[in-house]
Amino acid sequence: TGIYHSLVNLGTKHEIPTKPDINTASLVLSQFPQGDIADARIAFIDLSTNQSISYGEVRRSVYSLASALFHGLEVRKGDVVFLLSPNSILYSTICIAVLSVGAILTTANPLNTKSEIAKQVHDSGAKLAISAPEELHKLIPTGVPTILTSSPSDGKFLSVEELIQGCYDSIHLPHVPVMQSDTAAVLYSSGTTGVSKGVVLTHSNLITIMKLLCWSADVSASQDDVFLAFIPMFHIYGLMFFGLGLLCVGVTTVLMQKYDFHAMLVAIKKHKVNNIPAVPPVIHALVKHAKKEGYDLSSLRRVGSGAAPLSKEMTQEFRKMFPWIQLRPGYGLTESCGGATYFGSDIDAKAHPEACGKLIPTFCAKVIDIETGKPLPPHKEGELWLKSGTIMKEYLGNVEATNATIDSEGWLRTGDLGYIDENGFVYIVERIKELIKHKGYQVAPAELESVLLSHPLIVDAAVIPVEDEETGQIPMAYVVRAAGSELSEDQVIQFVAGQVAPYKKVRRVSFIDNIPRSAAGKILRKDLVSQSKYQLVS
Ligand code: 4UW
């Protein structure tokens, strides 16, 4: 039939609950390690401040904050709450409290600019924002009522810390019936084409992926595991691991507000970190620089890699340098609510250095011939399509994009070119969608093109990815200048940099007479990509 199924059984321990009236918050709280000793176990440590929060404190904080949101701030089922914060020991508490009152969580990258934030606030229809104090200035112009994560000095804004310490009920959750089918979160992703869109995830999606994550994390047996989190919790990868999933298995997570190579090495040694969900640039940095820095990585047991491709060479160098560390690549998307593939064993991972694992239980896949639209047999390359209980419901308010991405049978078109071998290992070969990945972050060419086109001396523009060893890919712009204009590469780079988050910056510019387009007017990015390769070698 051309359909690949995960051949692995989830087992009864991690069975996905089917009762319709279970929600993400009640599920996470019910999975918290139980008893006094477990209550005192540290859930999160902030690396920079050394502040920590125990499992018991997370639970009580969730109850108080949920009560405050519901009774004090009148947050109701279906209201969207916008969270703008770097990783913090309260991030999970906020997420779970918001979900527990049936409100919908939308998260954003704190690096985003004022106008990027405003767009998301508007698109998501946020009723309330929760902001780190240093990001507050980006929310004020939106007019959305805002509370801060931690207490401000001048006392003008309410804060989550104050609400938690206030006199709200810390023993019960407000009684709000929330169903698995209700929307839980709206995360932003550009998908296969165009600008950022709201990926609508239901409680059922989150519950399913959390159960799968607990199963694949394989840490429940030794609950003294210590994870390191620099992957941001606003992104599906960080949200699923650190925001929600890992709380179900009782590990301690050391949080970094932002990734820094040296601080990471210090954290690993100081806190005896043994697990790091990472991204390829971090693997790259460990291979290239760890020796020079005089590291102690002896505590590390497992390092994951996801969000962008990791080359076979890098995989092999990493294994050679750090033979005691299991390197486990995985592949996932915001639209699939996180990981879709995994390696169940290190033997498998070592034997398949180019693969990103096998399908996670409950996932099915097809590899679709791009020309004919027909499913392909093992080893043949085509677009990877996925089906699972974790696949998003839709793109928020965008029927056209939803229909272009999910077919009538519920298959998600990933926009990734790949193949599956006869043993079920999944290989991602190339991205066919427009998305650029810089350090694992999404950069949408369409968004940069519209910024470029707003320049009075730019007539036409196209943005493509250029491969970069250290960061994965960088955005490069092809620009058609207005007649007689002497606009320079640097001026173009500065113009874009003034309007977008730093990770989206155009880092290379080439001037061209016209942008190649198809008869239907679509930019022929492939032609530009080949042209850029030619330019780089010539
Ligand atoms: N190899 C090649 C990979 C890989 C990859 C992703 O920003 P999004 O929407 O989402 C993510 C999610 C990553 C993730 C990985 C592992 C995991 O367990 C987990 O669970 C929480 C999450 O990055 O970008 C999706 C796109 O990123 C590329 C690919 O193009 C995909 O469509 N990508 N992982 N291992 N490419």
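In this chain, numbering begins with 1 at the start of the sequence shown. One-based numbering, in listed order, for ligands and for the atoms of each.
The nearest pair of heavy atoms linking I94 to T149 is CD1-CG2, 3.9 Å. Here the shortest heavy-atom pairing between E383 and G415 reads OE2-N, 2.7 Å.
Every atom of ligand 1 is numbered from 1 in the order shown, and the set under 4.0 Å from a heavy atom of H235 is 7 (O), 8 (P), 10 (O), 11 (C), 12 (C), 23 (O). Interface of Q442 with ligand 1, defined as ligand atoms under 4.0 Å from a residue heavy atom, comprises 7 (O), 8 (P), 9 (O), 24 (O). The atoms of ligand 1 that sit less than 4.0 Å from any heavy atom of K433 are 30 (O), 31 (C), 32 (O). Within ligand 1, the atoms closer than 4.0 Å to a non-hydrogen atom of G339 are 17 (C), 18 (O), 19 (C), 20 (O), 21 (C), 22 (C), numbered from 1 in the order shown.
Below 3.5 Å of separation, one finds an N or O of K437 facing an N or O of ligand 1. Considering backbone and side-chain atoms alike, M240 places every N or O at 3.5 Å or more from each N or O of ligand 1.
Distance from atom 34 (N) of ligand 1 to its nearest protein heavy atom, with residue and atom name: A307 N, 3.1 Å. At the top of the distance list for atom 2 (C) of ligand 1, counting protein heavy atoms only, stands P309 N, 3.3 Å.
Residues D369 and K380 are not paired through a salt bridge, judged by the lack of any N-O separation under 4.0 Å between the basic side chain and the carboxylate. We find that E116 and K138 are not joined by a salt bridge, their nearest charged nitrogen and carboxylate oxygen being 4.0 Å or further apart.
Side-chain contact check for Q180 and T202: no donor-acceptor pair (N or O, by modelled atom type) lies under 3.5 Å.
Classified by interplanar angle (parallel below 30°, tilted 30° to 60°, perpendicular above 60°), the ring pair W215/Y342 is perpendicular.
Heavy atoms from both the backbone and the side chain of T334 come within less than 4.0 Å of ligand 1.
Of the candidates Y331, Y441, Y237, Y427, Y237 brings a heavy atom nearest to atom 21 (C) of ligand 1. Within the set V426, D416, T390, L435, the minimum heavy-atom distance to atom 30 (O) of ligand 1 is found for D416. Counting heavy atoms only, G330 comes closest to atom 35 (N) of ligand 1 of the residues C356, S190, G330. Of the listed options G332, A308, G306, G332 places a heavy atom closest to atom 11 (C) of ligand 1.
From F363, atom CZ reaches atom OG1 of T208 across 9.0 Å, with rounding to the nearest 0.5 Å.
Taking the centre and axis of the six-membered ring of Y395, the NZ or CZ atom of K197 falls inside the cone set by 45° and 6.0 Å.
Between H352 and F425, the gap from one ring centroid to the other is short of 6.0 Å.
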